[in-house]
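Quick notes on the structure that follows.
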Amino acid sequence: MKRTKIKELLYTAAASQLVVVQGWVRTFRNGQFISINDGSCLENIQAVIELNSLDEATLKRITTGSCVSITGELIPSPAKGQTVELKVEQVEILGDCDPEKYPLQPKKHSLEFLREIAHLRSRTSTFGAVMRVRHAMAFAVHKFFNDRGFVYVHTPVITGSDAEGAGEMFRVTNLHAKNPPLDEHGNVNFKEDFFGRETNLTVSGQLEGETYALALSEIYTFGPTFRAENSNTTRHLAEFWMIEPEMAFYDIHDNMKLATDLLQFLVKYALENCQQDLEFLHKRAQEEDAAKPQDKRNELGLLERLKFVTENEFQKLSYTEAIDILRNSTPNKKKKFHYLIDQWGDDLQSEHERFLVEKHFKKPVILYNYPKEIKSFYMRQNEDGKTVAAMDVLFPGIGEIIGGSQREERYDNLIARIKELNLPEKDLWWYIELRKFGSAPHSGFGLGFERLILFVTGMTNIRDVIPFPRYPGNAEF
Ligand code: 4AD
Ligand code: MG
């Protein structure tokens, strides 16, 4: 007989039909009640063994963590909180699990501990819920763009350019670490490297994405990106996934509109399609919140926060207006900010972004027109000579969730900025050429996928919303 997924069984009307369930034992009580989970949904199914119907040896092997295949009758359940259960006819142990040695006991474990056993944390309710939501969000991203006629472009993971010009890259090489070939000046000779040049893991697919936007009009990338920034925070990973749409004939305002539509669509999709997992995560976050001091707690619960985003306009605000608000804010005057804001041109830290979103406006904020000095070389220069058409979308609890801009499509302006910043013009030759051959106004942005998942799941550490997090000092698994 073929197995049926638990998700399907729980919504099947029980009519004493014989079914097969396969999954992992969560708990086994009183030598009678087995709770089984197969990850198809949050819920377990209960299988009930009639007394004296199984031999002792088999009963002993039904332990938390073991993998079982159970054949039984699906019957209406007399127990509270479940509509059906299995009346066991046969139990086959597919994989034993020594309860003395199994690290996942049927009790609450800390997220820190679970990070150390990332190969097993997938078996917990929390990680099951988070990863099902993550999957739904990946699917919804493709749905959103596909429905609008965007083309999914696979940009390279290994590249020769530094898209952000920030130099936070992981080198890719097959040269011998101890004994690399040297040139006549005694420097490492990368001409002898695999690609005949220096290469690194991509920090963003944007620059390559632009080449396809200037041909197919509307494209997006969705892939892993890598940053060797030493940020040991709850919002940074060294390897994260990014969604980067790039659109010809969009100005900065069209760009903001698309970003808003995308975020609202994704959150709405989660609310409509991940109800059970979100309700579980909502309760989980509530319990976590209750353990925090009053002033660190969320004003709204997870589900309220999600609905809030789908129902409210995002607040648009220029950088200049934001600086005025921040300079005159109470935490700035009382020197409560870690970094005080004292003049136009100061870069915004996460504490400032969160103040604007969570305390001042109490809704998502889109900041735009930033000083050119604190933004990337490719952003379109505004008429004032001081700012660029950049935009960041700021979310409650997260800070920056999206960064983007209108691109500098004017050849002379782009070259001037590259020279000003001393960037390697020779590596960017092809990017510059796009401005020579049929240039067009265009815009795009990057949505950090894990930051999105943090927001939607209400988890508080980015290391808990990706299966195997990569961060300074950690690449286990
Ligand atoms: O603001 P960023 O650096 O922008 C870019 O990379 C542009 N090339 C995007 C574009 O215009 N196509 O990164 C975009 C987003 C951030 O807003 C944040 O959500 C996420 O990527 N992000 C990170 N997420 C996790 N860990 C990190 N270290 C991240 N760095 C950026
Ligand atoms: Mg940014």
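Start at 1 and go down the list; that is how both ligands and their atoms are numbered. All heavy atoms count here, side chains included; hydrogens, waters and symmetry mates do not.
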Quiz prompt | side chain to side chain donor-acceptor pair (under 3.5 Å) pairs, two or more places apart, involving residues 317-326 | solution = Ser318-Glu321, Thr320-Trp344, Asp324-Arg327
Quiz prompt | Side-chain heavy-atom pair Lys436, Ile432 within 4.5 angstrom cut-off | solution = no
Quiz item: Is there a nitrogen or oxygen of Gly448 sitting under 3.5 Å from a nitrogen or oxygen of ligand 1?
Solution: yes
Quiz item: For ligand 1, is any non-hydrogen atom under 4.0 Å from Asp392's backbone (N, CA, C, O), its side chain (CB onward), both, or neither?
Solution: neither
Self-check item: Under 3.5 Å side-chain donor-acceptor pair for Ser40 and Glu8
Solution: no
Quiz item: Using a heavy-atom cut-off of under 4.0 Å, does the side chain or the backbone of His236 touch ligand 1, or both, or neither?
Solution: both
Exercise. Go through ligand 1 atom by atom and flag the ones less than 4.0 Å from a non-hydrogen atom of Gly404.
Key: 11 (O)
Practice problem: Have a look around the Mg ion (ligand 2) and list protein N/O/S atoms under 2.8 Å, or say none. | Solution: Glu400 OE2
Exercise. Can you figure out which of Arg470, Glu229, Glu164, Glu400 has its heavy atom closest to atom 16 (C) of ligand 1?
Key: Glu400
Exercise. Could you walk me through whether Met391 and Gln406 pass the side-chain contact (heavy atoms from CB on, under 4.5 Å) test, one step at a time?
Key: CA-CA 8 Å; Met391 59 169 230; Gln406 185 167 338; over 6 Å; no
Quiz item: What atoms in ligand 1 come closer than 4.0 Å to a heavy atom of Ile402?
Solution: 17 (O)
Exercise. Go through the side-chain N and O atoms of Thr233 and Ser231 and say whether any donor and acceptor fall under 3.5 Å apart.
Key: no
Quiz item: Does an N or O from Ser405, backbone or side chain, lie closer than 3.5 Å to an N or O of ligand 1?
Solution: no
Self-check item: Exercise: do Tyr431 and Glu210 side chains pair donor with acceptor under 3.5 Å
Solution: yes
Practice problem: Measure Trp241 to ligand 1 on non-hydrogen atoms and call it side chain, backbone, both or neither using the 4.0 Å cut-off. | Solution: neither
Self-check item: salt bridge (Lys or Arg N to Asp or Glu O under 4.0 Å) involving Lys316 - partner list, sequence neighbours excluded
Solution: none
Exercise. Would you name the heavy atoms of Lys372 and Gly385 that are closest together and state the gap between them?
Key: NZ-O, 3.5 Å
Self-check item: Donor + acceptor pair across side chains of Arg115, Tyr471 (<3.5 Å)
Solution: no
Quiz prompt | Gap separating the CD atom of Glu408 from the CE atom of Met379, nearest 0.5 angstrom | solution = 12.0 Å
Quiz item: So between Leu237, Leu447, Ile398, Thr221, whose heavy atom ends up nearest atom 26 (N) of ligand 1?
Solution: Leu237
Exercise. Please tell me if the side chains of Asp346 and Gln343 come closer than 4.5 Å, counting only heavy atoms from C-beta onward.
Key: yes
Exercise. Could you say whether the N/O atoms of Phe240 and ligand 1 ever approach to under 3.5 Å?
Key: no
Quiz item: Any chance the side chains of Arg407 and Ser405 put a donor and an acceptor closer than 3.5 Å?
Solution: yes
Exercise. Please test Arg148 against Leu258 for side-chain contact (heavy atoms from CB on, under 4.5 Å), starting from the C-alpha separation and ending with a verdict.
Key: CA-CA 11 Å; Arg148 290 177 177 231; Leu258 185 76; 3.6 Å; yes
Quiz item: Can you find a side-chain donor-acceptor pair between Thr387 and Asn382 that sits under 3.5 Å?
Solution: yes
Exercise. List the closest protein heavy-atom neighbour of atom 19 (O) of ligand 1: residue, atom name, distance to the nearest 0.1 Å.
Key: Ile401 O, 2.8 Å
Quiz item: Nearest protein heavy atom to atom 15 (C) of ligand 1, by residue and atom, and its distance?
Solution: Gly446 O, 3.6 Å
Self-check item: Sub-4.0 Å atoms of ligand 1 with respect to non-hydrogen atoms of Arg235
Solution: 25 (C), 26 (N)
Quiz prompt | Ring-face cation contact, Phe395 with Arg451, 6.0 Å cut, 45° max | solution = no
Quiz item: Under 4.0 Å from ligand 1, counting heavy atoms only, is it the side chain of Arg407, its backbone, both or neither?
Solution: side chain
Exercise. Just jot down the ligand 1 atoms closer than 4.0 angstrom to any heavy atom of Glu244, in number order.
Key: 7 (C), 8 (N), 9 (C), 10 (C), 12 (N)
Quiz item: Taking only residues two or more places apart in sequence, or in another chain, which ones meet Glu450 in a side chain to side chain donor-acceptor pair (under 3.5 Å)?
Solution: Arg134
Quiz prompt | Shortest protein contact, atom 18 (C) of ligand 1 (heavy atom only) | solution = Arg451 NH1, 3.5 Å
Quiz item: Between Met242 and ligand 1, which part of the residue brings a heavy atom under 4.0 Å of the ligand: side chain, backbone, both or neither?
Solution: side chain
Quiz prompt | Protein residue, atom and distance nearest to atom 3 (O) of ligand 1, heavy-atom basis | solution = Arg227 NH1, 2.7 Å
Quiz item: For ligand 1, which atoms have a heavy atom of Tyr378 less than 4.0 angstrom away?
Solution: 7 (C), 8 (N)
Quiz item: Any idea which atoms of ligand 1 are less than 4.0 Å away from a heavy-atom of Ile462?
Solution: 25 (C)
